[in-house]
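As the structure is a prediction and not an experimental result, all values here were calculated from the model.
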Amino acid sequence: MDSQRPTASPPPDSTPPSIAIILLSFVAITAIVLVPTASSSFKNSLSIVHQVPEGHVGVYWRGGALLKTITEPGFHMKMPFLTQFEPVQVTLQTDEVTDIPCGTKGGVMIVFGKIEVVNRLHKESVYETLLNYGVHYDKTWIYDKIHHEINQFCSSHSLQQVYIDVFDQIDEKMKDALQVDCTRYAPGIEIIGVRVTKPNIPESIRRNFEQMEEERTKVLIAIEKQKVSEKEAETAKKMAISEAEKNANVSKILMEQKLLEKDSARKQEEIENAMYLAREKSLADADFYRVIREAEANRLKLTPEFLELKFIESIANNTKIFFGDKIPNMILDQRLLGNFLVDEVSRGGAIKTKADI
(Lines give C-alpha, C1' and ligand atoms only; values in the text may rest on other atoms or scores of the structure.)
Protein backbone atom coordinates (compact mmCIF):
# COMPACT_ATOMS: atom_id res chain seq x y z
CA MET A 1 0.00 0.00 0.00
CA ASP A 2 2.72 2.33 0.91
CA SER A 3 4.66 1.56 -2.21
CA GLN A 4 1.66 2.38 -4.37
CA ARG A 5 1.01 5.83 -2.68
CA PRO A 6 1.74 8.57 -5.22
CA THR A 7 4.39 11.01 -4.24
CA ALA A 8 3.37 14.69 -4.13
CA SER A 9 5.24 16.93 -6.53
CA PRO A 10 6.94 20.00 -4.98
CA PRO A 11 5.06 23.34 -5.43
CA PRO A 12 6.42 25.50 -8.15
CA ASP A 13 8.73 28.27 -6.85
CA SER A 14 7.87 31.82 -8.11
CA THR A 15 11.50 32.99 -8.63
CA PRO A 16 14.58 31.08 -7.61
CA PRO A 17 16.96 33.11 -5.46
CA SER A 18 19.70 32.73 -8.03
CA ILE A 19 17.60 34.49 -10.69
CA ALA A 20 16.89 37.51 -8.40
CA ILE A 21 20.59 37.84 -7.64
CA ILE A 22 21.36 37.71 -11.36
CA LEU A 23 18.81 40.47 -12.09
CA LEU A 24 20.20 42.73 -9.36
CA SER A 25 23.74 42.14 -10.63
CA PHE A 26 22.64 43.04 -14.12
CA VAL A 27 21.03 46.25 -12.92
CA ALA A 28 24.16 47.20 -10.97
CA ILE A 29 26.44 46.48 -13.95
CA THR A 30 24.14 48.46 -16.25
CA ALA A 31 24.20 51.40 -13.84
CA ILE A 32 27.99 51.29 -13.64
CA VAL A 33 28.32 51.24 -17.41
CA LEU A 34 25.58 53.73 -18.33
CA VAL A 35 25.61 56.26 -15.48
CA PRO A 36 28.92 57.98 -16.40
CA THR A 37 27.67 58.70 -19.94
CA ALA A 38 23.98 59.33 -19.14
CA SER A 39 22.26 62.67 -18.62
CA SER A 40 21.68 64.03 -15.15
CA SER A 41 17.94 63.33 -15.32
CA PHE A 42 18.61 59.76 -16.34
CA LYS A 43 21.14 59.41 -13.52
CA ASN A 44 18.62 60.76 -11.05
CA SER A 45 15.99 58.33 -12.24
CA LEU A 46 18.38 55.40 -12.21
CA SER A 47 20.04 55.94 -8.86
CA ILE A 48 18.70 54.54 -5.61
CA VAL A 49 20.74 56.58 -3.18
CA HIS A 50 21.03 60.25 -4.07
CA GLN A 51 22.43 63.33 -2.39
CA VAL A 52 20.74 66.71 -1.92
CA PRO A 53 23.49 69.39 -1.74
CA GLU A 54 23.50 72.14 0.85
CA GLY A 55 21.38 75.14 -0.13
CA HIS A 56 19.01 72.91 -2.11
CA VAL A 57 15.95 70.77 -1.49
CA GLY A 58 15.09 67.49 -3.17
CA VAL A 59 11.99 67.37 -5.40
CA TYR A 60 10.56 64.13 -6.84
CA TRP A 61 8.40 63.06 -9.76
CA ARG A 62 6.81 59.64 -10.20
CA GLY A 63 5.41 58.79 -13.55
CA GLY A 64 5.67 62.47 -14.51
CA ALA A 65 3.58 63.65 -11.53
CA LEU A 66 5.18 65.99 -9.00
CA LEU A 67 5.23 64.53 -5.52
CA LYS A 68 4.68 66.64 -2.42
CA THR A 69 7.70 65.04 -0.83
CA ILE A 70 10.51 67.57 -0.36
CA THR A 71 13.74 66.46 1.28
CA GLU A 72 16.42 68.43 3.11
CA PRO A 73 20.15 68.36 2.24
CA GLY A 74 21.82 64.99 2.79
CA PHE A 75 21.57 61.39 1.51
CA HIS A 76 18.16 59.92 0.65
CA MET A 77 16.76 56.80 -1.07
CA LYS A 78 14.18 56.45 -3.81
CA MET A 79 12.87 53.88 -6.24
CA PRO A 80 15.02 53.68 -9.37
CA PHE A 81 13.46 54.16 -12.81
CA LEU A 82 10.05 55.01 -11.33
CA THR A 83 10.98 58.09 -9.29
CA GLN A 84 12.89 61.04 -10.76
CA PHE A 85 14.81 63.41 -8.52
CA GLU A 86 15.95 67.04 -9.03
CA PRO A 87 17.74 69.33 -6.58
CA VAL A 88 16.24 72.82 -6.45
CA GLN A 89 18.33 75.72 -5.08
CA VAL A 90 16.66 77.75 -2.31
CA THR A 91 19.55 80.10 -1.53
CA LEU A 92 20.58 83.25 -3.37
CA GLN A 93 21.39 82.64 -7.01
CA THR A 94 22.36 84.89 -9.90
CA ASP A 95 20.79 84.36 -13.31
CA GLU A 96 22.62 85.96 -16.24
CA VAL A 97 20.49 87.04 -19.18
CA THR A 98 22.70 87.76 -22.20
CA ASP A 99 22.33 89.41 -25.62
CA ILE A 100 19.04 91.26 -25.18
CA PRO A 101 18.18 93.29 -28.30
CA CYS A 102 15.77 96.19 -28.11
CA GLY A 103 14.71 99.17 -30.17
CA THR A 104 14.64 102.68 -28.73
CA LYS A 105 11.90 105.23 -29.20
CA GLY A 106 13.83 106.74 -32.11
CA GLY A 107 14.23 103.38 -33.88
CA VAL A 108 17.86 102.68 -33.00
CA MET A 109 18.62 99.03 -32.26
CA ILE A 110 20.84 98.40 -29.26
CA VAL A 111 21.88 95.24 -27.43
CA PHE A 112 22.31 94.76 -23.71
CA GLY A 113 25.23 92.35 -23.40
CA LYS A 114 24.40 91.04 -19.94
CA ILE A 115 21.84 91.59 -17.20
CA GLU A 116 22.30 89.82 -13.87
CA VAL A 117 19.29 89.05 -11.69
CA VAL A 118 19.91 88.05 -8.07
CA ASN A 119 16.92 86.04 -6.85
CA ARG A 120 15.83 83.41 -4.38
CA LEU A 121 13.09 80.76 -4.25
CA HIS A 122 11.57 80.40 -0.79
CA LYS A 123 11.62 76.86 0.54
CA GLU A 124 7.96 76.84 1.56
CA SER A 125 6.91 77.79 -1.99
CA VAL A 126 8.96 75.21 -3.88
CA TYR A 127 6.09 72.80 -4.47
CA GLU A 128 3.62 75.42 -5.73
CA THR A 129 6.18 77.10 -7.95
CA LEU A 130 7.39 73.86 -9.57
CA LEU A 131 3.83 72.59 -9.90
CA ASN A 132 2.85 75.69 -11.90
CA TYR A 133 6.04 76.56 -13.77
CA GLY A 134 8.33 73.49 -13.63
CA VAL A 135 11.96 73.18 -12.64
CA HIS A 136 12.95 75.94 -15.04
CA TYR A 137 10.63 78.49 -13.46
CA ASP A 138 13.34 81.11 -13.76
CA LYS A 139 13.13 80.96 -17.56
CA THR A 140 9.54 82.14 -17.39
CA TRP A 141 9.83 84.77 -14.68
CA ILE A 142 13.43 85.96 -15.12
CA TYR A 143 14.91 85.23 -18.55
CA ASP A 144 11.80 85.82 -20.66
CA LYS A 145 10.54 88.56 -18.36
CA ILE A 146 13.82 90.50 -18.62
CA HIS A 147 13.56 90.47 -22.42
CA HIS A 148 10.01 91.75 -22.23
CA GLU A 149 10.69 94.51 -19.70
CA ILE A 150 13.85 95.73 -21.42
CA ASN A 151 11.99 96.05 -24.73
CA GLN A 152 9.13 97.87 -22.99
CA PHE A 153 11.60 100.28 -21.41
CA CYS A 154 13.54 100.95 -24.62
CA SER A 155 10.42 101.52 -26.69
CA SER A 156 9.33 104.37 -24.40
CA HIS A 157 12.75 106.12 -24.16
CA SER A 158 15.16 107.67 -26.59
CA LEU A 159 18.72 106.50 -27.09
CA GLN A 160 20.01 109.51 -25.15
CA GLN A 161 17.81 108.57 -22.21
CA VAL A 162 18.58 104.84 -22.32
CA TYR A 163 22.31 105.25 -22.79
CA ILE A 164 22.96 108.27 -20.55
CA ASP A 165 20.11 110.16 -18.90
CA VAL A 166 18.10 107.41 -17.15
CA PHE A 167 20.55 104.53 -17.40
CA ASP A 168 21.13 104.66 -13.64
CA GLN A 169 17.42 104.01 -13.10
CA ILE A 170 17.14 100.85 -15.21
CA ASP A 171 18.30 98.56 -12.39
CA GLU A 172 15.54 99.65 -10.01
CA LYS A 173 12.90 99.72 -12.75
CA MET A 174 13.73 96.15 -13.80
CA LYS A 175 13.78 94.95 -10.20
CA ASP A 176 10.40 96.52 -9.46
CA ALA A 177 8.83 95.20 -12.67
CA LEU A 178 10.05 91.64 -12.03
CA GLN A 179 9.01 91.67 -8.38
CA VAL A 180 5.51 92.96 -9.13
CA ASP A 181 4.70 90.09 -11.47
CA CYS A 182 6.45 87.49 -9.31
CA THR A 183 4.51 88.64 -6.27
CA ARG A 184 1.28 88.38 -8.23
CA TYR A 185 1.80 85.09 -10.06
CA ALA A 186 4.72 83.32 -8.35
CA PRO A 187 4.93 84.65 -4.80
CA GLY A 188 7.69 82.23 -3.83
CA ILE A 189 10.23 84.06 -6.04
CA GLU A 190 11.99 87.02 -4.46
CA ILE A 191 13.99 89.44 -6.63
CA ILE A 192 16.95 90.73 -4.63
CA GLY A 193 18.59 92.96 -7.20
CA VAL A 194 19.24 93.59 -10.88
CA ARG A 195 22.54 94.66 -12.47
CA VAL A 196 22.38 96.05 -16.01
CA THR A 197 25.52 96.53 -18.10
CA LYS A 198 25.94 99.38 -20.56
CA PRO A 199 24.21 98.51 -23.86
CA ASN A 200 26.09 98.13 -27.12
CA ILE A 201 25.14 100.88 -29.58
CA PRO A 202 26.11 101.45 -33.24
CA GLU A 203 29.69 102.59 -33.68
CA SER A 204 28.84 105.89 -35.37
CA ILE A 205 26.44 106.83 -32.60
CA ARG A 206 28.94 105.73 -30.00
CA ARG A 207 31.56 108.06 -31.51
CA ASN A 208 29.06 110.90 -31.40
CA PHE A 209 28.37 110.18 -27.75
CA GLU A 210 32.10 110.07 -27.07
CA GLN A 211 32.55 113.44 -28.75
CA MET A 212 29.62 114.82 -26.78
CA GLU A 213 31.12 113.44 -23.61
CA GLU A 214 34.48 114.93 -24.52
CA GLU A 215 32.91 118.34 -25.10
CA ARG A 216 30.94 118.00 -21.89
CA THR A 217 34.16 117.12 -20.11
CA LYS A 218 35.81 120.24 -21.51
CA VAL A 219 32.89 122.33 -20.33
CA LEU A 220 33.07 120.73 -16.92
CA ILE A 221 36.82 121.41 -16.78
CA ALA A 222 36.22 125.05 -17.73
CA ILE A 223 33.49 125.29 -15.10
CA GLU A 224 35.77 123.76 -12.52
CA LYS A 225 38.56 126.20 -13.46
CA GLN A 226 36.12 129.05 -13.12
CA LYS A 227 35.04 127.73 -9.75
CA VAL A 228 38.68 127.47 -8.70
CA SER A 229 39.31 131.06 -9.78
CA GLU A 230 36.21 132.21 -7.96
CA LYS A 231 37.31 130.31 -4.89
CA GLU A 232 40.77 131.86 -5.06
CA ALA A 233 39.28 135.35 -5.43
CA GLU A 234 36.87 134.65 -2.63
CA THR A 235 39.74 133.37 -0.49
CA ALA A 236 41.80 136.50 -1.21
CA LYS A 237 38.79 138.64 -0.39
CA LYS A 238 38.20 136.79 2.84
CA MET A 239 41.89 137.16 3.73
CA ALA A 240 41.74 140.91 3.05
CA ILE A 241 38.57 141.23 5.07
CA SER A 242 40.14 139.21 7.84
CA GLU A 243 43.25 141.41 7.81
CA ALA A 244 41.13 144.58 7.84
CA GLU A 245 38.99 143.21 10.65
CA LYS A 246 42.14 142.31 12.56
CA ASN A 247 43.53 145.84 12.17
CA ALA A 248 40.17 147.31 13.10
CA ASN A 249 40.01 145.12 16.15
CA VAL A 250 43.55 146.13 17.15
CA SER A 251 42.68 149.81 16.71
CA LYS A 252 39.51 149.31 18.65
CA ILE A 253 41.40 147.62 21.45
CA LEU A 254 44.00 150.42 21.55
CA MET A 255 41.26 153.05 21.54
CA GLU A 256 39.43 151.25 24.30
CA GLN A 257 42.68 151.06 26.23
CA LYS A 258 43.23 154.83 25.86
CA LEU A 259 39.64 155.51 26.82
CA LEU A 260 40.07 153.32 29.87
CA GLU A 261 43.21 155.20 30.79
CA LYS A 262 41.46 158.55 30.35
CA ASP A 263 38.49 157.33 32.28
CA SER A 264 40.76 156.09 35.06
CA ALA A 265 42.55 159.48 35.15
CA ARG A 266 39.19 161.28 35.18
CA LYS A 267 37.93 159.12 38.00
CA GLN A 268 41.18 159.69 39.91
CA GLU A 269 40.87 163.47 39.41
CA GLU A 270 37.25 163.33 40.51
CA ILE A 271 38.29 161.46 43.62
CA GLU A 272 41.03 164.01 44.33
CA ASN A 273 38.61 166.89 43.73
CA ALA A 274 36.08 165.27 45.98
CA MET A 275 38.73 164.82 48.65
CA TYR A 276 39.87 168.45 48.28
CA LEU A 277 36.28 169.68 48.34
CA ALA A 278 35.54 167.61 51.38
CA ARG A 279 38.69 168.88 53.07
CA GLU A 280 37.91 172.54 52.21
CA LYS A 281 34.34 172.04 53.24
CA SER A 282 35.50 170.60 56.52
CA LEU A 283 37.82 173.58 57.02
CA ALA A 284 35.06 176.03 56.09
CA ASP A 285 32.66 174.25 58.37
CA ALA A 286 35.26 174.42 61.11
CA ASP A 287 35.86 178.17 60.53
CA PHE A 288 32.15 178.76 60.34
CA TYR A 289 31.65 176.84 63.53
CA ARG A 290 34.50 178.77 65.19
CA VAL A 291 33.07 182.13 64.09
CA ILE A 292 29.61 181.12 65.20
CA ARG A 293 30.95 180.02 68.52
CA GLU A 294 32.98 183.21 68.86
CA ALA A 295 29.92 185.27 67.95
CA GLU A 296 27.90 183.42 70.50
CA ALA A 297 30.66 183.94 73.03
CA ASN A 298 30.88 187.63 72.13
CA ARG A 299 27.14 187.92 72.39
CA LEU A 300 27.34 186.44 75.84
CA LYS A 301 30.27 188.70 76.76
CA LEU A 302 28.79 191.95 75.46
CA THR A 303 27.05 192.86 78.66
CA PRO A 304 26.84 196.46 79.92
CA GLU A 305 29.37 195.68 82.58
CA PHE A 306 31.81 194.20 80.02
CA LEU A 307 31.39 197.11 77.67
CA GLU A 308 31.92 199.49 80.54
CA LEU A 309 35.05 197.60 81.48
CA LYS A 310 36.32 197.81 77.97
CA PHE A 311 35.52 201.47 77.85
CA ILE A 312 37.41 202.13 81.06
CA GLU A 313 40.33 200.12 79.75
CA SER A 314 40.28 202.09 76.56
CA ILE A 315 40.12 205.37 78.37
CA ALA A 316 42.87 204.22 80.65
CA ASN A 317 45.10 203.43 77.69
CA ASN A 318 44.74 206.92 76.28
CA THR A 319 47.32 209.51 77.46
CA LYS A 320 45.03 212.46 76.95
CA ILE A 321 41.36 213.13 77.02
CA PHE A 322 39.87 216.18 75.51
CA PHE A 323 36.61 217.51 76.78
CA GLY A 324 34.45 219.86 74.86
CA ASP A 325 31.46 220.32 72.71
CA LYS A 326 33.30 219.78 69.48
CA ILE A 327 35.85 217.10 69.53
CA PRO A 328 36.80 216.07 66.00
CA ASN A 329 37.69 212.65 64.89
CA MET A 330 36.96 210.87 68.10
CA ILE A 331 34.44 208.18 68.34
CA LEU A 332 32.95 208.23 71.82
CA ASP A 333 29.84 207.01 73.43
CA GLN A 334 28.54 210.22 74.94
CA ARG A 335 26.09 208.42 77.09
CA LEU A 336 28.64 206.19 78.68
CA LEU A 337 31.16 208.94 79.04
CA GLY A 338 28.62 211.28 80.57
CA ASN A 339 27.42 208.69 82.98
CA PHE A 340 30.97 207.87 83.91
CA LEU A 341 31.91 211.48 84.54
CA VAL A 342 28.75 212.14 86.50
CA ASP A 343 29.39 209.17 88.71
CA GLU A 344 32.97 210.20 89.32
CA VAL A 345 32.10 213.76 90.12
CA SER A 346 29.28 212.72 92.40
CA ARG A 347 31.62 210.51 94.34
CA GLY A 348 33.99 213.44 94.68
CA GLY A 349 36.80 211.65 92.97
CA ALA A 350 39.19 213.05 90.47
CA ILE A 351 39.69 211.76 87.03
CA LYS A 352 43.20 210.65 86.53
CA THR A 353 44.81 209.86 83.31
CA LYS A 354 47.55 207.44 82.63
CA ALA A 355 50.06 210.26 82.45
CA ASP A 356 49.10 211.49 85.84
CA ILE A 357 49.67 208.12 87.30
Chi angles and distances behind the side-chain contact (heavy atoms from CB on, under 4.5 Å) call for Asp181, His148: CA-CA 12 Å; Asp181 286 345; His148 172 74; 6.0 Å; no
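- The cluster map of Ile, Leu, Val, Met, Phe, Trp and Tyr, joined by side-chain heavy atoms under 4.5 Å apart, puts Val126 and Tyr185 in the same cluster.
- Side-chain contact between Gln211 and Asn208 is present, with at least one heavy-atom pair separated by less than 4.5 Å.
- A pairwise comparison of heavy atoms in Lys114 and Thr197 identifies O-OG1, 2.7 Å as the closest pair.
- Annotation for Val49 and Phe75: closest pair CG1-CD2, 4.1 Å, computed over non-hydrogen atoms.
- Val52 has its side chain out of reach of Glu72: every pair of non-hydrogen atoms, C-beta onward, lies at least 4.5 Å apart.
- At least one donor-acceptor pair closer than 3.5 Å links the side chain of Gln161 to the backbone N or O of Ser158.
- Tyr137 and Gln89 get closest at one heavy-atom pair: OH-O, 4.3 Å.
- Leu121 and Ile192 are members of different hydrophobic clusters when ILVMFWY side chains are connected at heavy-atom separations under 4.5 Å.
- More than 12 heavy atoms of other residues, nucleotides or ligands lie within 6.0 Å of CZ in Phe167, so this atom counts as buried by the packing criterion.
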Candidate pair Arg290 and Asp287, rule side-chain contact (heavy atoms from CB on, under 4.5 Å), full reasoning: CA-CA 5 Å; Arg290 180 178 56 78; Asp287 291 341; 4.0 Å; yes
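- The backbone N or O of Arg195 sits nowhere less than 3.5 Å from a side-chain atom of Glu116 that would complete a donor-acceptor pair.
- Taken from CD in Glu172 to CD in Gln169, the straight-line distance is 9.5 Å, to the nearest 0.5 Å.
- Each of Val196 and Met109 belongs to its own hydrophobic cluster when Ile, Leu, Val, Met, Phe, Trp and Tyr are linked at side-chain heavy-atom distances under 4.5 angstrom.
- Lys258 and Glu261 are not joined by a salt bridge, as no carboxylate oxygen comes within less than 4.0 angstrom of a charged side-chain nitrogen.
- What you find for Pro73 and Gly55 is that their closest heavy atoms are CG-N, 4.3 Å.
- Looking at Val88 and His56, their side chains never come closer than 4.5 Å, going by heavy atoms from C-beta outward.
- Here CD1 of Ile191 is found 10.5 Å from NZ of Lys145. Values are rounded to the nearest 0.5 Å.
- Under the 4.5 Å side-chain criterion, counting only non-hydrogen atoms from C-beta, Thr71 is not in contact with Lys78.
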Pair His136-Tyr143, side-chain contact (heavy atoms from CB on, under 4.5 Å): steps then yes or no: CA-CA 10 Å; His136 303 291; Tyr143 290 89; over 6 Å; no
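- Here the CD atom belonging to Glu232 is positioned 14.5 Å from the NZ atom belonging to Lys227, to the nearest 0.5 angstrom.
- Between Lys139 and Asp144 there is a salt bridge, since a side-chain N of the basic residue sits under 4.0 Å from a carboxylate O of the acidic one.
- Here the closest non-hydrogen pair linking Ile170 and Val162 is CD1-O, 4.0 Å.
- The closest side-chain heavy-atom distance from Leu254 to Lys252 is not below 4.5 Å.
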Trace of the salt bridge (Lys or Arg N to Asp or Glu O under 4.0 Å) decision for Arg266 with Glu269: CA-CA 5 Å; Arg266 180 183 59 81; Glu269 186 176 356; over 6 Å; no
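- For Ser229 (side chain) and Lys225 (main-chain N/O), a donor-acceptor pair under 3.5 Å exists by modelled atom type.
- Under a cut-off of 6.0 angstrom, the local environment of NZ in Lys105 is sparse, with at most 12 non-hydrogen atoms contributed by other residues, nucleotides or ligands.
- Side-chain contact check for Cys102 versus Phe153: every heavy-atom pair is 4.5 Å or farther apart.
- Between the side chain of Asp263 and the backbone N or O of Leu259, no donor-acceptor pair lies under 3.5 Å.
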Trace of the side-chain contact (heavy atoms from CB on, under 4.5 Å) decision for Leu130 with Trp61: CA-CA 11 Å; Leu130 267 63; Trp61 288 262; 4.1 Å; yes
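- The distance from atom NE2 of His76 to atom OG1 of Thr69, rounded to the nearest 0.5 Å, is 11.0 Å.
- If you take CD1 on Ile110 and CZ on Phe112, they are separated by 4.5 Å, rounding to the nearest 0.5 Å.
- Both Val166 and Ile100 are assigned to one and the same hydrophobic cluster, defined by single-linkage of ILVMFWY side chains at heavy-atom distances under 4.5 Å.
- Minimum heavy-atom separation, Tyr133 to Ala186: CE1-CB, 3.8 Å.
- A donor-acceptor pair is defined here as one N or O able to donate and one able to accept, closer than 3.5 Å; no such pair exists between the side chain of Ser125 and the backbone of Thr129.
- The distance from the CD atom of Glu280 to the CG atom of Leu283 is 5.5 Å, given to the nearest 0.5 Å.
- No side-chain heavy atom of Leu178 sits under 4.5 Å from any side-chain heavy atom of Trp141.
- Taking 4.5 Å as the limit, some side-chain heavy atom of Asp95 sits within range of a side-chain heavy atom of Asn119.
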Full working for side chain to side chain donor-acceptor pair (under 3.5 Å) between Tyr60 and His50: CA-CA 12 Å; Tyr60 303 90; His50 58 281; 2.6 Å; yes
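- Contact check on Glu270 versus Lys267 returns no salt bridge, with no Lys/Arg side-chain nitrogen under 4.0 Å from an Asp/Glu carboxylate oxygen.
- One hydrophobic cluster, built from ILVMFWY side chains closer than 4.5 Å, cannot hold both Val111 and Val108; they sit in different ones.
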